[in-house]
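Everything below concerns the one structure shown next.
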Amino acid sequence: MSIPDNSASDFIRNIISNDINSGKFDSSIITRFPPEPNGYLHIGHAKSICLNFGVANEYGGICHLRFDDTNPTREDVEYVESIKTDVKWLGYDWQDHLYFASDYFDQLYDFAVVLIEKGLAYVDSLSADDIRRYRGTLTEPGQDSPYRDRSIEDNLALFEQMKKGQFEDGTHVLRAKIDMASPNLNLRDPTLYRIRKMPHHRTGDIWKIYPMYDFAHSLSDSIEGVTHSLCTLEFEDHRPLYDWFLDVLQVHRSQQIEFARLNLSNTVMSKRMLRDLVENRHVSGWDDPRMPTISGLRRRGYTPEAIRMFCHEIGIAKRDTEVESALLEHCLRTNLNLTAPRVMGVIDPVKVVLINYPEDLVEEFDAVNNPEDLSMGTRKVPFSRELFIEREDFMETPSSKFFRLAPGKEVRLRAAYYITCVDVIKNVDGLITEIHCTYDPDSRGGSSLDGRRVRGTLHWVSAKHAIKAEIRLYGDLFVDTTDGDNGGLLTDRLNPHSLTVMTECYVEPSLAESSQGVTYQFERQGYFCLDSVDSTPGQLVFNRTVSLRDSWSKVNKS
RNA sequence: UGCCCUAUGGUGUAGUGGUAGCACGUCAGCCUUUGGAGCUGUAAGCCCUGGUUCGAACCCAGGUAGGGCAGCCA
């Protein structure tokens, strides 16, 4: 085990470094990522994954993947598989440390029996309502259940009958006997087991009782020898209970440490709300490219590297905060700028006719695949008399700061020729249908011998060679997320413009061989990838992953 | 009005008694065959009030503000 000397400092890593220095744990560091298989992972989980696996890697330890599958009413194998896929995709490896809380059901049951034998747990036969009433309130102490003083023998017998399925759901629970007057509600005789006569996705119908989170989680950590159990802030009040189980049962002591969960601007992170979006068809599914789920981000074209970088950049602390999505986009652009192959695609086309270019001539230009990485080579791009350019790259009456195409103005077509606008053709509605230009044969390749300055460079495609495609542009899912995940109608804050579908787009022919899982840069536009669900070889569908930074829009506004 | 936690530029995060730093974002300039990328610079911060100290973001006291907790959910 080693201590990284210049690792990013955060309070958790500081604690772990101190623990290692003081020899608190005799094993190497063991952490765990403990999802409940009841939904898809989102970027908030990525923060926890990067922390837990990251810490383990840095200190030469290991990180377990453990499914917290103690509630058969909400869990499913579908989620187990998606979670494993997502963790792997993010680049982490649990090796052979894949565990399930349900693997420990026998041991947990035995622990419960020990608690009963020690007089520290009892079977309560109050109804759920009565248990709530007896619990007291935030400001008033609770009262002991009339069943609190059952004999150990009775408790043992009853608990065994619960296990055997001799009682109906809700008739009894097993509770820890701690303190009904504790100011910490979690210590007012918390429930340990409830009866659920429901098949479990892994244990089938052998169990009729299932352990509660606090009991199962604390002891699962202990069973696995976890040294540092990292969880989110809402479990802070549970730590005394977490520790109580370990103390009274005298088992391996893991240390729970809480950190703030991730909140991201203009989106929501709670599984419940994400599920609402899916079930109420506000999005196409858990992997809708607008979703903050790992599967949504993947389909959108995000890379694991970008997400890991983001999780590193946001840091770890205890204050409750909201990170601007600009930081996520920054991490994405940083990664994609270095790796994405460049291509040209026109999203909102207008036709350009080069009136002095031969009718049937077709030339091919070599275009650089990535100016940031010349080893990625070049590709051929066909050029002909009729082209498409972006409609917004032409302005009939431009401002002085507009460097693109306008009547009488000369621009460069990326990797091709200089062209000058000589005429504008409109339809009866005044819509521009064609822009007539001349090209300068001496500017072949995009530069001229006379060295004259041409400030604007436009992307383009050859009309007869281009492939027609659909491009989906995404915006924030929500207009405003103040108040976070609580209160207010979620749907009131949905951004009605979160999806724009452009169906008349043209992309360069090299994209006929574009492959799934690659995010391209459409030059001057942004990053795009093939949609993994809806794109077919005959009808390409691209998702805009993120736009390029656009300083023109600022100039234009001012 | 119980218990627990938190408070550093617009945002996120370092700094644990000795000149408050980094990143994102902002703005300006340079550069550019992507108005991308890159480079340079700018503005902007210790919640408040006391106390201890030669010296406090840091220690102490008291406030204020925000968050969490009353599932047989996790």
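Note: hydrogens, waters and symmetry copies are ignored here, and every other heavy atom, side chains too, is used. Proteins come first, then strands; the chains are lettered A, B, ... in the order of their sequence lines, and each starts at number 1.
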After noting the C-alpha distance and the side-chain angles of Gln256(A) and Asp221(A), does the key distance pass the side-chain contact (heavy atoms from CB on, under 4.5 Å) rule? CA-CA 9 Å; Gln256(A) 174 177 306; Asp221(A) 282 346; over 6 Å; no
Say you pick atom [atom1] in [N] and the same atom in [M]; how far apart are they, in whole Å?
N       : M       : atom1 : result
rC47(B) : rU8(B)  : C1'   : 10 Å
rA57(B) : rU19(B) : C1'   : 14 Å
rU34(B) : rA14(B) : C1'   : 36 Å
rG38(B) : rU32(B) : C1'   : 9 Å
rG10(B) : rG25(B) : C1'   : 8 Å
rU49(B) : rA56(B) : P     : 14 Å
rC60(B) : rU16(B) : C1'   : 15 Å
rU11(B) : rG66(B) : P     : 16 Å

When the distance from [atom1] of [X] to [atom2] of [N] is rounded to whole Å, what number comes out?
X         : N       : atom1 : atom2 : value
Asn337(A) : rG38(B) : CG    : P     : 6 Å
Asn263(A) : rG68(B) : CG    : C1'   : 13 Å
Met273(A) : rC73(B) : CE    : C1'   : 16 Å
Leu332(A) : rG25(B) : CG    : C1'   : 17 Å
Arg549(A) : rG35(B) : CZ    : P     : 14 Å
Glu329(A) : rU11(B) : CD    : P     : 18 Å
Met309(A) : rG12(B) : CE    : P     : 18 Å
Leu449(A) : rU33(B) : CG    : P     : 15 Å

Please pick, from [options], the nucleotide with the shortest atom-to-atom distance to any side-chain atom of [X].
X         : options                   : answer
Asp68(A)  : rA74(B), rC72(B), rU34(B) : rA74(B)
Ile314(A) : rG35(B), rG2(B), rG12(B)  : rG12(B)
Glu236(A) : rC5(B), rC24(B), rC72(B)  : rC5(B)
Glu234(A) : rG2(B), rG68(B), rU33(B)  : rG68(B)
Asn71(A)  : rG35(B), rC72(B), rC73(B) : rC73(B)
Lys318(A) : rC5(B), rG67(B), rU33(B)  : rC5(B)
Arg135(A) : rG71(B), rU34(B), rU33(B) : rG71(B)
Phe403(A) : rA70(B), rG35(B), rA74(B) : rG35(B)

Which is true for [X] with a 4.0 Å heavy-atom rule: it touches a base, it touches only sugar-phosphate, or it touches nothing?
X         : answer
His217(A) : nothing
Phe365(A) : nothing
Leu327(A) : sugar-phosphate
Arg455(A) : base
Arg132(A) : sugar-phosphate
Leu126(A) : base
Tyr193(A) : nothing
Thr191(A) : sugar-phosphate

Kindly say if [X] contacts the phosphate of [N], meaning a side-chain N or O under 4.0 Å from OP1 or OP2.
X         : N       : answer
Ser551(A) : rG35(B) : no
Arg175(A) : rG71(B) : no
Thr70(A)  : rA74(B) : yes
Arg196(A) : rC73(B) : yes
Arg194(A) : rA74(B) : yes
Lys554(A) : rC27(B) : yes

Does rG71(B) count as syn, meaning its glycosidic angle lies within 90° of 0, or as anti?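 Syn conformation for rG71(B).
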So, do Tyr99(A) and Arg32(A) sit near enough that their side-chain heavy atoms are less than 4.5 Å apart?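 No. Closest side-chain heavy atoms not under 4.5 Å.
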Before we go on, tell me: are the rings of [X] and [Y] under 6.0 Å apart, centre to centre?
X         : Y         : value
Phe542(A) : Phe528(A) : no
Trp552(A) : Phe403(A) : no
Tyr193(A) : Phe159(A) : yes
Tyr40(A)  : Tyr79(A)  : yes
His172(A) : Tyr147(A) : no
Tyr213(A) : His217(A) : yes
Phe111(A) : Phe215(A) : no

Between the base of [N] and the side chain of [X], is there any donor-acceptor pair under 3.5 Å?
X         : N       : answer
Glu372(A) : rG36(B) : yes
Gln521(A) : rU34(B) : yes
Asp237(A) : rG68(B) : yes
Glu324(A) : rG10(B) : yes

Ser82(A)-Asp86(A) side chain donor-acceptor pair, cut-off 3.5 Å: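 Distance-only check fails for Ser82(A) and Asp86(A).
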Which atom pairs link the protein and nucleotides 14-16 of chain B when you take only N or O atoms and keep those under 3.5 Å?
| unit_1 | atom_1 | unit_2 | atom_2 | d |
| --- | --- | --- | --- | --- |
| rA14(B) | OP1 | Ile316(A) | O | 3.1 |
| rG15(B) | OP1 | Ser9(A) | OG | 3.4 |

In this structure, which one of Thr519(A), Leu336(A), Ile43(A), Leu328(A) forms a side chain to side chain contact (heavy atoms under 4.5 Å, CB included) with Tyr302(A)?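 Of the listed residues Thr519(A), Leu336(A), Ile43(A), Leu328(A), the side chain to side chain contact (heavy atoms under 4.5 Å, CB included) partner of Tyr302(A) is Leu328(A).
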Taking Watson-Crick and G-U wobble pairs with both distances under 3.5 Å, convert RNA chain B into its dot-bracket string, 5' to 3', dots for unpaired and | for cross-strand pairs. .((((((..((((....[..))))..((((.......)))).....(((((..]....))))))))))).....
I need the single residue from Thr457(A), Asp393(A), Asp550(A) that forms a side-chain hydrogen bond (donor to acceptor under 3.5 Å, both in side chains) with Arg524(A). Which is it?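 Exactly one option meets the side-chain hydrogen bond (donor to acceptor under 3.5 Å, both in side chains) with Arg524(A), and it is Asp393(A).
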